[in-house]
Amino acid sequence: MRATPMRPTLLPIARLVTRYTCFTRASFHSHEHPPSAKSFGDVENAILSAAYQHVPEHGFSHSALSLGARDAGYLDISPSALSDGVFSLIQFHLVRQRLALTEKSRALFDASNTNISGNGIGFKIATLAWARLMANKGIIHRWQEALAVMAQPSYVPASLKELAMLSDEMWYLAGDKAVDSSWYTKRASLSMVYSTSELFMTNDKSPGFVDTRKFLDRRLEEVTTVGGFVGTLGAWGSFTMNAGVNVLRSKGMRV
């Protein structure tokens, strides 16, 4: 019986799964967790901050950037100074929400909050992952557009790096201080669980995204079992390929 070859159009997405696993081995923060450097200049920050307010209506687009420039007191042409264009606005969202987790964790894990403070690292990871997913609530209807931009070859490295930093941030804020053979595995597993849950959320119409929460909890439970990391890698690859094709189709691209 002759094996059916993989469709050529899916090969780039399949390679991304392998590339991601290798990339994360060199992308996480030091266990000393130094403070994040300033990501944007003053003019960029002013334009992006203003443009961000227009994302729910106009998406991660040049229109949002032009409106943001105007709101910030600059010429409409000012966004052309952003070397990465629309991706700069996407990255602004990613960095902004990652850094916001520090303040959220203080409120979530305050010693007076007995419902959370006494629980272990696994519970805190689930709480932080859910908090980060909820930060997408206001723009989730625009997030598939952002994913299509992030999937472009020139932006894949920066997108994966930010995902790696988010995973590291969550482990750090959850109180994981261990530096051992599982260090990379834990972060790679969480990165894949989070990215899969985020993609699932773009199509979730359940009240309060309850289906996404169940999906997240199931994936986190899977990675705690023996061989869970390997199983999650396979599931992530399959889910990403199918979802990637659907995103491209939604943009009118031939697959």
Side-chain angles (χ1 to χ4, degrees), residues 20 23-24 26-56 58-62 64-65 67-69 71-72 74 78-79 81-108 125 127-174 187-188 190-199 201-202:
Y20 173 80
F23 183 88
T24 53
S27 302
F28 296 118
H29 293 175
S30 161
H31 70 277
E32 295 176 354
H33 206 83
S36 300
K38 190 174 183 180
S39 300
F40 305 98
D42 292 338
V43 173
E44 290 177 311
N45 191 67
I47 293 174
L48 292 171
S49 294
Y52 191 60
Q53 307 305 313
H54 295 282
V55 169
H58 296 278
F60 293 90
S61 65
H62 290 289
L65 288 173
L67 291 169
D71 293 347
Y74 296 97
S78 297
L82 300 172
S83 59
D84 288 324
V86 170
F87 182 72
S88 296
L89 186 54
I90 297 170
Q91 193 171 37
F92 180 84
H93 169 74
L94 295 174
V95 173
R96 176 188 176 116
Q97 298 305 336
R98 171 170 55 81
L99 296 180
L101 278 179
T102 299
E103 190 61 34
K104 288 181 181 178
S105 70
R106 293 193 184 106
L108 289 170
I125 284 292
T127 301
L128 287 166
W130 180 243
R132 175 60 188 86
L133 286 170
M134 285 295 94
N136 281 356
K137 184 168 58 174
I139 53 88
I140 196 63
H141 59 296
R142 297 292 189 176
W143 196 239
Q144 284 197 6
E145 301 167 8
L147 291 174
V149 174
M150 292 163 70
Q152 295 177 19
S154 58
Y155 300 133
V156 166
S159 300
L160 294 182
K161 180 179 180 180
E162 183 56 41
L163 177 60
M165 292 176 71
L166 173 62
S167 175
D168 190 35
E169 191 82 9
M170 287 192 280
W171 278 109
Y172 176 80
L173 294 174
R187 282 153 177 76
L190 179 57
S191 294
M192 287 184 281
V193 167
Y194 176 81
S195 60
T196 305
S197 300
E198 187 178 65
L199 195 52
M201 186 178 174
T202 63

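- Here Asp71 pairs with His54 under the side chain to side chain donor-acceptor pair (under 3.5 Å) rule; sequence neighbours left out.
- Remark: Arg132 engages no residue in a salt bridge (charged side-chain N to carboxylate O under 4.0 Å, His left out) (not counting sequence neighbours).
- In terms of heavy-atom proximity, Gly59 sits nearest to Leu89 at O-CD2, 4.4 Å.
- Ser49 is linked by a side chain to side chain donor-acceptor pair (under 3.5 Å) to nothing, counting only residues two or more places apart in sequence or in another chain.
- Looking at every heavy atom in both residues, Ser195 comes nearest to Leu163 through CB-CD2, 4.0 Å.
- For Trp130, there are no ring pair (Phe, Tyr, Trp, His ring centres under 6.0 Å) partners two or more places apart in sequence or in a different chain.
- Looking at residues two or more places apart in sequence or on another chain, you find a side chain to side chain contact (heavy atoms under 4.5 Å, CB included) between Ala129 and Met170, Leu216.
- Within the structure, the salt bridge (Lys or Arg N to Asp or Glu O under 4.0 Å) test picks out the following pairs touching residues 133-144 (sequence neighbours left out): Arg142-Glu145.
- Among Leu190, Leu101, Leu128, the one residue that satisfies the side chain to side chain contact (heavy atoms under 4.5 Å, CB included) test with Leu166 is Leu101.
- Here the side chains of Arg96 and His93 are not in contact, with every heavy-atom distance at 4.5 Å or above.
- Side-chain contact between His58 and Ser61 is present, with heavy atoms from C-beta onward closer than 4.5 Å.
- Atom CE of Met134 sits about 9.5 Å away from atom NZ of Lys104, to the nearest 0.5 Å.
- Under the side chain to side chain contact (heavy atoms under 4.5 Å, CB included) criterion, Gln152 pairs with Val149, Tyr155, sequence neighbours left out.
- Taking CG of Leu99 as the reference point, atom CD of Gln97 lies at 9.5 Å (rounded to 0.5 Å).
- Not counting sequence neighbours, the partners of Glu198 by the side chain to side chain donor-acceptor pair (under 3.5 Å) test are Asn136, Trp143, Tyr194.
- A pairwise comparison of heavy atoms in Ala164 and Ser191 identifies CA-OG, 4.2 Å as the closest pair.
- Side-chain atoms of Met150 and Leu94, non-hydrogen and from C-beta on, do get closer than 4.5 Å to each other.
- Listed by chain and residue number, nothing satisfies the side chain to side chain donor-acceptor pair (under 3.5 Å) test with Ser159 (two or more places apart in sequence, or in another chain).
- Once rounded to the nearest 0.5 Å, the distance linking CG of Leu108 with CG of Leu173 reads 10.0 Å.
- Going from atom CE of Met165 over to atom CZ of Arg187 covers 12.5 Å, rounded to the nearest 0.5 Å.
- Rounding to the nearest 0.5 Å places CD1 of Ile139 at 10.5 Å from OG1 of Thr202.
- Side-chain contact check for Glu44 versus Phe92: every heavy-atom pair is 4.5 Å or farther apart.
- One distance of note links OG of Ser167 with CD1 of Ile125; it measures 7.0 Å at 0.5 Å rounding.
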